[in-house]
Amino acid sequence: MPISPVNQLLSNIMKKTILIPVLILMVSFVFGQVNIPISFDERADLMSLIFRTAGANEYGICYFDEYVNNLKPYINETDEVVKLAQKYREETGISYDAVADFAFHLKISENGKLTLDGAFQDGIDERWTEEQKQNFLTALNEYYAQSNFHQGYMKNAEIQKKAENAFERDVCQRVDLEWFDKFFGANNNPQFRIILSILNGPNNYGCNAQMKDGSFLLSPFIGCCSVDSLGEPVYRANAVLPIVIHEFCHAYCNPQIERFWTDMKVKADEVYYANALTLTQMAYGNAKTMMYETFVRSCVIRYFLNHYPQVSVDDLLAEDADFYLTRTMVESLGKYEQNREQYPTIESYMPQLINDINQFNLKNFMKEQKKDLKANAHVVKCSIKNGAKNVPSGKIEMKITFSKPMMNMIALGNGASDGKSLDIDRQRESIFTWSKDCKTTTVYLDLQPNTHYAFSILGGYYRTQDGHTAGANIFYDFWTK
C-alpha cells in the first residue's frame, strides 16, 4: 500500500511498563536468517539521557547501573538543554515517544553538528512547536559540543555489543518478516531496523517514517533489556517478541485508520467514550489513537494465532480487555485471512472491516462485560495505600492480595501521574513470590528516600487460575520518607 507519514499519528502511543509478561508463548521456533539491522544509536541515548536528567519518569528507569554511570559525568541538571526539556515537558507534553521521535529525526554529522535529517518526508511529532524545535536544537548543539557526550557514549560500546548479540540470538531470529507483506499486502519498500536503547528501561517507541526516496523506514526504539545473574544484558523472547511485532504493525495499521477514519469515526467515538477514563490513564487520549492501538493489537493476535496455534485466542484477548473492539476486529481479520483471493491487501479489506466495526453493539457488549466482571478477581488490598506518605525507603516488601487464586506472574505498570516508576530490588533472584494459596504476591522493592512514586496494577494482564482477569487497572501514588 502507498503509506502516508505516520510519525505524527503515533502521539501518545506507547507500551506499558510490564515487569513480568502475562503472554507466555512458545517462541522456540526460529525462522532462520533474517535481515533486521540491530544497533544502538547515539541519538537515542543522547535524548534519553537529557530527559532522564530533566526528571522524566519514563526515561528514569534503567536496569543497567553501569550503563547509566558511564554517562552521568557528561550531563548536569544546570545544562540549558536539560532546562528546556523540563520546560517543554510541562508546556506541550514533550514526553514518551515525542522524545524518541526527535532523536529519530536527528542527524549527527562527522564534525559533530546536529541537524534535523532532510531525508524524511514527514515531520517531528506535532507536540513539538517550530519554536521549540529550533531552540532545543540550538541548545542541543551547544551541549553536545561542550559535554564530550560522545566519549561517554563510547564507554558503553562493550555492553552495547553484548546486548546486540543477545537480541539477535534471542529475538530477531524469531521474527517472521515475510508475514508482514503477506498479511498486509506488499509495502512500499519497507526498511526494518531496530534501535536498542538500554536507557529506555522497559519502554518502547514505534518510530516509523516515509522517506523522500519513497521507501518506508520502520525503526522502533526497543528498551526491555534485563540483566541476568552474571550482570550480562539479556532479552527474554516471551516478553520482547510481541513488542517487536507490535511496533512493526503500527506502521502498517495507522495509515489505514487515518485513510478510512471518517467511515468509522462515529462508532469509534461511541466506544471510546464508554471507557475514556481508563484509556486516558493509559495515554490513549482520543478515539483515533484507541483505534490505532486496537487495530495493531488485533493484527498481533492474528500473527501469533498463525505462528503458535497452541495459544488460544481467549488467552491473547485477555490482555486487551480495555480495547472493546479487539475481538470484533480479530474475528473480522480471520475472515480476511480466509479470503485473500477476494481481498489481496488489507486496504482492499478495510471497507468490510469497517462494516464489522460499525455493527459492533456496545450495549450488548457492556452487558456481557458486567457478567464477566463478576467472575474476575479484584484487588482486596495493597500494603502500600494510594496517597500514602512516609513509606519507608530502602528494601521493603509490597504485598498485593487478590480475591481469587492467581497464576504465577505479576503485571505492574507506570502510574497516571509524573511520579517515579517503582524501583525493584534487582539483587534478589526473584523480584516477586506468591503465597501458598496463590492469592497474595510479594514484590520486593528498593525505594529511594524522599521520592514520589507512581505505579499501576494492570488488572487485565493478571490471570486467575480459572481463566479470568483481575479487572480494571488500578493507579497508585505514594511518597517515601
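Each residue takes its place number in the sequence, starting with 1.
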Working for side chain to side chain contact (heavy atoms under 4.5 Å, CB included), residues Trp434 and Thr441: CA-CA 4 Å; Trp434 281 88; Thr441 183; 3.5 Å; yes
Taking it one step at a time, do Thr433 and Tyr444 satisfy side chain to side chain donor-acceptor pair (under 3.5 Å)? CA-CA 9 Å; Thr433 56; Tyr444 301 98; 3.1 Å; yes
Check the pair Ile75 / Ile50 against side chain to side chain contact (heavy atoms under 4.5 Å, CB included), numbers first and verdict last. CA-CA 8 Å; Ile75 197 163; Ile50 289 169; 3.9 Å; yes
Worked verdict on Leu422 versus Val443 for side chain to side chain contact (heavy atoms under 4.5 Å, CB included): CA-CA 10 Å; Leu422 290 176; Val443 184; 5.7 Å; no
Would you please test Asn200 and Ser48 for side chain to side chain donor-acceptor pair (under 3.5 Å) and show each step? CA-CA 7 Å; Asn200 279 9; Ser48 293; 3.0 Å; yes
Start with the C-alpha gap between Leu49 and Thr53, add the side-chain angles, then the distance that decides, and say whether side chain to side chain contact (heavy atoms under 4.5 Å, CB included) holds. CA-CA 6 Å; Leu49 182 66; Thr53 310; 4.3 Å; yes
Side chain to side chain donor-acceptor pair (under 3.5 Å) between Thr289 and Tyr272, intermediate numbers included: CA-CA 10 Å; Thr289 58; Tyr272 178 79; over 6 Å; no
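Side-chain atoms of Gln465 come within 3.5 Å of backbone atoms of Met406 as a donor-acceptor pair (strictly under, hydrogens ignored). With hydrogens and angles disregarded, a donor-acceptor distance shorter than 3.5 Å links the side chain of Ser403 to the backbone of His378. Of the possible polar contacts, none joining the Asp170 side chain to the Arg236 backbone as a donor-acceptor pair under 3.5 Å is found. For the pair Trp128 (side chain) and Ala98 (backbone), a donor-acceptor distance under 3.5 Å is present. A donor-acceptor contact shorter than 3.5 Å is absent between the side chain of Asp45 and the backbone of Glu42. Listed for the Ser435 side chain is a donor-acceptor partner under 3.5 Å among the backbone atoms of Thr440. The main-chain N or O of Ser421 is found under 3.5 Å from a side-chain atom of Asn57 such that the two form a donor-acceptor pair. Between the side chain of Tyr462 and the backbone N or O of Ala411 there is at least one donor-acceptor pair closer than 3.5 Å. A donor-acceptor pair under 3.5 Å is absent between the side-chain atoms of Asp97 and the main chain of Ala100, judged by distance alone. With Arg463 contributing its side chain and Gly467 its backbone, the two residues share a donor-acceptor pair below 3.5 Å.
In this structure, Asp477 CG and Ile384 CD1 are separated by 12.0 Å, a value rounded to the nearest 0.5 Å. Expressed to the nearest 0.5 Å, how far CD1 of Ile222 lies from CD1 of Ile38 amounts to 10.5 Å. Once rounded to the nearest 0.5 Å, the distance linking NZ of Lys267 with CG of Asn355 reads 11.0 Å. Interatomic distance, Phe192 CZ to Glu247 CD, rounded to the nearest 0.5 Å: 13.0 Å. Distance check: His246 NE2 to Asn204 CG gives 9.0 Å after rounding to the nearest 0.5 Å. Rounding to the nearest 0.5 angstrom, the gap separating the CZ atom in Phe102 from the CZ atom in Arg127 is 13.5 Å.
Using bins of under 30°, 30° to 60° and over 60° for the plane-to-plane angle, the ring pair Phe478/Phe455 lands in the perpendicular bin. In this pair, Tyr88 and Phe136 present their aromatic rings tilted. The plane angle is within the 30 to 60° band. By the 30° and 60° cut-offs, the orientation of the rings of Phe180 relative to Phe184 is parallel. Between Phe183 and Trp179, the two ring planes are parallel [angle under 30°; tilted spans 30° to 60°].
Here the closest non-hydrogen pair linking Asp356 and Thr328 is O-CG2, 3.6 Å. The minimum heavy-atom distance linking Pro392 with Leu447 is given by the pair O-CD1, 3.9 Å. Residues Ile431 and Asp425 come closest through the heavy atom pair CG2-O, 4.0 Å.
In this model, no donor atom of one side chain and acceptor atom of the other lie less than 3.5 Å apart for Tyr303 and Asp176. Asp320 and Thr326 share no donor-acceptor pair across their side chains, judged by distance under 3.5 Å alone.
Taking the ring centroids of Phe221 and Tyr205, they lie at or beyond the 6.0 Å cut-off. Close placement of the Phe365 and Phe360 rings is indicated, their centers lying within 6.0 Å of each other. Side-chain rings of Tyr74 and Phe149 stay apart, their centers remaining 6.0 Å or farther from each other. In this structure, Tyr453 has its ring center no closer than 6.0 Å to that of Tyr476.
Phe167 is listed as a side-chain neighbour of Val244, based on a closest heavy-atom distance under 4.5 Å. Residues Met398 and Val391 have side chains not in contact (no heavy-atom distance under 4.5 Å, counting atoms from C-beta outward). In this structure, Ile94 and Val99 have side chains that are in contact, with non-hydrogen atoms separated by less than 4.5 Å. Contact annotation: the side chain of Phe295 approaches that of Ile346 to within less than 4.5 Å [non-hydrogen atoms, C-beta and beyond]. You'll find the side chain of Arg193 reaches within 4.5 Å of the side chain of Ser39, heavy atoms only. Using a 4.5 Å cut-off on side-chain heavy atoms (C-beta onward), Val271 and Thr294 make no contact. A heavy-atom distance below 4.5 Å is found between the side chains of Gln160 and Tyr153. Side-chain contact check for Trp479 versus Asn390: every heavy-atom pair is 4.5 Å or farther apart.
In the displayed structure, Asn450 atom CG is contacted under 6.0 Å by at most 12 heavy atoms of other residues, nucleotides or ligands. Atom NZ of Lys155 has more than 12 neighbouring heavy atoms from other residues, nucleotides or ligands inside a 6.0 Å radius. Residue-environment remark: NZ (Lys335) exceeds the threshold of 12 foreign heavy atoms within 6.0 Å. The number of heavy atoms from other shown groups lying within 6.0 Å of CE (Met366) is above 12.
A salt bridge does not link Asp423 with Lys395: none of the charged nitrogens is closer than 4.0 Å to a carboxylate oxygen. The existence of a salt bridge linking Glu368 and Lys371 is confirmed by a sub-4.0 Å separation between a basic side-chain nitrogen and an acidic carboxylate oxygen.
Applying the salt bridge (Lys or Arg N to Asp or Glu O under 4.0 Å) test to Glu397 and every residue at least two apart in sequence or in another chain returns Lys399.
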